[in-house]
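Position 1 is the first residue of the sequence; numbering continues from there.
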Amino acid sequence: MERVLGIGGYFMRAADPAALSAWYRDCLGLDADENGLWRQETGLTVFATFESETDYFGSRAQQSMLNFRVRDLDAMLAQLRAKGADVAEETQDMEGVGRFGWVTDPEGNRVELWQPA
């Protein structure tokens, strides 16, 4: 059986694609090139499904959630707050897995930030 090799891309609709790309670059440091290519660091990727009624993604209209691995969750959340981003107050610790925090981008998409254990 053929298998997929990894995530090849993540595509998002936006009212202002250039502004949303700039937000991800300026707030999260996602340094994609003019074609959207981004060389990420090697690490784990989680692929999981959730019940359709979950509130974990924020808005029920949001069908999927992007999760970024970060080195220092507290530093990333402080950086986002300093830039005026919509950062959730709570964080979550999951034993053996790591720490989680959330930010909502300017288009209303909830994004998860994960500091692996």
d(Gln79 CD, Asp26 CG) to nearest 0.5 Å is 10.0 Å

What distance separates Tyr24 OH from Asn109 CG, expressed to the nearest 0.5 Å?
-> 5.5 Å

Output the distance between atom SG (Cys27) and atom CE (Met76), rounded to the nearest 0.5 Å.
-> 9.5 Å

In the single-linkage hydrophobic clustering (I, L, V, M, F, W, Y; side-chain heavy atoms under 4.5 Å), do Tyr56 and Val87 co-cluster?
-> no

Atom of Gly101, atom of Thr91 and distance for their closest heavy-atom approach | CA-CG2, 4.5 Å

If the plane angle is over 60° it's perpendicular, under 30° parallel, otherwise tilted; pick one for Trp114 and Phe100.
-> parallel

For residues 3-20, tabulate all N or O donor-acceptor pairs below 3.5 Å that involve a side-chain atom, not counting sequence neighbours.
unit_1	atom_1	unit_2	atom_2	d
Tyr10	OH	Ser64	OG	3.1
Asp16	OD1	Ala18	N	3.4
Asp16	OD1	Ala19	N	3.1

Report all side-chain donor-acceptor pairs from residues 28-38 shorter than 3.5 Å, counting only partners two or more places apart or in another chain.
unit_1	atom_1	unit_2	atom_2	d
Asp33	OD1	Asn35	N	2.8
Asp33	OD1	Gly36	N	3.1
Asp33	OD1	Leu37	N	3.0

Report yes if the side chains of Leu113 and Leu77 come closer than 4.5 Å at any heavy-atom pair, otherwise no.
-> yes

Residue pairs meeting salt bridge (Lys or Arg N to Asp or Glu O under 4.0 Å), one or both in residues 87-103, sequence neighbours left out, come to Asp74-Arg99, Asp93-Arg99

Hey, any chance Val111 and Leu73 share a hydrophobic cluster, counting ILVMFWY side chains that come within less than 4.5 Å of each other, even indirectly?
-> yes

Side-chain donor-acceptor contacts of residues 39-51 below 3.5 Å, not counting sequence neighbours, with atom names and distances?
unit_1	atom_1	unit_2	atom_2	d
Gln40	OE1	Arg69	NH2	3.4
Glu41	OE2	Arg71	NH2	3.4

Decide yes or no for Trp102 and Gln92: does some side-chain heavy atom of the first lie under 4.5 Å from some side-chain heavy atom of the second?
-> yes

side-chain hydrogen bond (donor to acceptor under 3.5 Å, both in side chains) partners of Thr104, counting only residues at least two apart | none

What pairs meet the salt bridge (Lys or Arg N to Asp or Glu O under 4.0 Å) rule with one or both residues in residues 105-117, with sequence neighbours excluded?
-> none

